[in-house]
Amino acid sequence: MDNSKIIEALDRDPLAQAQSAADQIAKITKKLSHQVALVLGSGWISAADSLGKPTHEFSATELPGFINPTVAGHGGKIRSYDLNTDGKITSVLVFLGRTHFYEGLGMNAVCHSVRTAVKAGCKSIVLTNAAGGINRDYKVGQPVLIRDHISLTAASPLSGANFVDLTDLYSKDLRNIVKQSDSQLSEGVYVHWRGPTYETPAEINMMRTVGADLVGMSTVPEAIAAHALGAKVLAISLVTNAAAGVTGEKLDHAEVIAAGKAAATRIGDLLAKVLPKL
Ligand code: 8IG
């Protein structure tokens, strides 16, 4: 199917498309349900190696509603893992790469992975991303738990009189579980910036002034969509560059990918440890 037909169907009934995609995942994996979903953003994909061997891997485009991701360094693959902790199996659905708002395909395309995951049974959704560090204490290669967000796109994946509370969007319970594995982890406020341009130094100063620690082009719509369906959300940024004006250096996508590769083992081991506990 061509992309415009896929988007049309998604926009007509996003939850029906998510249900169809979830049914197809159950068919492919022969698993009635998954418990946890993990969305791996740029910089995080090689961290999947720490999870061991997946039971299944397939292209997202085999499922209804998915469009091929276009950005270099992103996957477009979905994997199913059975993580074994003391004999207890946790089935984890892993999305390698995501659709971004800046691609212009609309919010339903951006949120289709997490909606599919919730329909597949996932009660906890882990969202990862690469982000620019606004907080001057952050170092490149450092993971940061997202505690709250500021949406500078102000674009919502929801429509209608659907007044969803967001006071515990980034579940405190899930953050505490992660901090039991790594007590050194910082928490921060993430700004959603539409992109695809990075910010100007003046915009980064504005963000710092209003209380932001991190900035990126993803995660916020997916977190809202997952929360609206009743799932708990954990979100982790990998700081892959200092935001514009922080160091005086220019921003470069290749640098982002390299910083992700360098941190892959640390963040992969963290994920492998915490996923079964969520
Ligand atoms: I990686 O500095 C990454 N993604 N908006 N700004 C924005 N997104 C980003 C940045 C950044 N670094």
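For ligands, and for the atoms within them, numbers begin at 1 and follow the listed sequence.
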Taking the six-membered ring for Trp, are Y170 and H149 parallel (under 30°), tilted (30 to 60°) or perpendicular (over 60°)? perpendicular
When you check the side-chain N and O atoms of D13 and Q17, is any donor under 3.5 Å from an acceptor?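 Side chains of D13 and Q17: no pair found under 3.5 Å.
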Which ligand 1 atoms does T240 reach within 4.0 Å, using its non-hydrogen atoms? 1 (I)
Can you list the atoms of ligand 1 that are under 4.0 Å from a heavy atom of E199?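 Those qualifying, in numeric order: 2 (O), 5 (N), 6 (N), 7 (C), 11 (C).
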Check: T197 N/O within less than 3.5 Å of ligand 1 N/O: no
Would you say W193 and ligand 1 have an N/O pair spaced under 3.5 Å apart? no
Would you sort out whether N129 and R98 count as a side chain to side chain donor-acceptor pair (under 3.5 Å), showing the intermediate values? CA-CA 10 Å; N129 63 51; R98 56 156 58 85; over 6 Å; no
So which heavy atom in the protein is nearest [atom], and how far is it from that ligand atom?
atom	answer
atom 4 (N) of ligand 1	A130 O, 3.8 Å
atom 11 (C) of ligand 1	Y198 CD2, 3.5 Å
atom 8 (N) of ligand 1	G216 CA, 3.3 Å

Worked verdict on R208 versus V246 for side chain to side chain contact (heavy atoms under 4.5 Å, CB included): CA-CA 11 Å; R208 188 183 295 108; V246 174; 3.5 Å; yes
Assess A131 for proximity to ligand 1: is some non-hydrogen atom of it under 4.0 Å away? yes
Should K31 and D82 count as an ion pair when the cut-off is N to O under 4.0 Å? yes
Over all heavy atoms of both residues, which pair between T116 and I25 is shortest? Give the atoms and the distance, please. CG2-CD1, 3.6 Å
For W44 and S237, which heavy atoms make the closest approach, and how far apart are they? CZ2-C, 4.0 Å
Which residue from V246, N241, L152 reaches closest to atom 3 (C) of ligand 1 through any of its heavy atoms? N241
